Amino acid sequence: MDLIVQKAIYDKENKKPVIKASICNGEQVAGFKDIYTGKIEEIMLIKNQADLDALKKMYGIDGEIEKEY
């Protein structure tokens, strides 16, 4: 069975990709931050580099994603 992978989209004009990282336990959650309100929409838990690479590929994100603590 073939797996169909679709690219996801996000509002690039009003949101930016961020990783919310805990200084206590190191947990990292990727999401999109509204540049006007500062609210973060959490998308997925990042457990390793493969998770981060998958997120970037899914949303077509190039370069580094800013971390917020």
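This one's a predicted model, so the numbers in the text were calculated from it and none came from an experiment.
- Residue Ile23 places its CD1 atom among 12 or fewer non-hydrogen atoms of other residues, nucleotides or ligands, all under 6.0 Å distant.
- Remark: Lys33 NZ to Lys39 NZ distance equals 13.5 Å, nearest 0.5 Å.
- Evaluated for a side-chain hydrogen bond (donor to acceptor under 3.5 Å, both in side chains) with Lys20, the options Glu42, Gln28, Glu68 yield exactly one hit, Glu42.
- Applying the ring-ring contact (aromatic ring centres under 6.0 Å, His included) test to Tyr59 and every residue at least two apart in sequence or in another chain returns Phe32.
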Does Ile40 form a side chain to side chain contact (heavy atoms under 4.5 Å, CB included) with Val18? I'd like the steps, not just the answer.
CA-CA 8 Å; Ile40 297 175; Val18 294; 4.0 Å; yes

Hey, mind stepping through Leu55 and Met44 against side chain to side chain contact (heavy atoms under 4.5 Å, CB included) and telling me if it holds?
CA-CA 8 Å; Leu55 174 87; Met44 69 182 284; 3.7 Å; yes

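- The minimum heavy-atom distance linking Ile43 with Gly31 is given by the pair CG1-CA, 3.7 Å.
- Looking at every heavy atom in both residues, Asp34 comes nearest to Thr37 through OD1-N, 3.0 Å.
- Taking every heavy atom of both residues into account, Ile61 and Pro17 meet most closely at CD1-CB, 3.8 Å.
- Among residues two or more places apart in sequence or in another chain, the salt bridge (Lys or Arg N to Asp or Glu O under 4.0 Å) test is passed with Glu66 by Lys16.
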Quick one, Leu52 with Ile65, criterion side chain to side chain contact (heavy atoms under 4.5 Å, CB included). Give me CA distance, side-chain angles, the key distance, then yes/no.
CA-CA 9 Å; Leu52 182 58; Ile65 298 177; 3.9 Å; yes

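- With hydrogens and angles ignored, the 3.5 Å screen pairs a side-chain donor or acceptor of Lys56 with a backbone N or O of Gly63.
- Counting non-hydrogen atoms of neighbouring residues, nucleotides and ligands closer than 6.0 angstrom, the CD atom of Glu64 reaches no more than 12 such neighbours.
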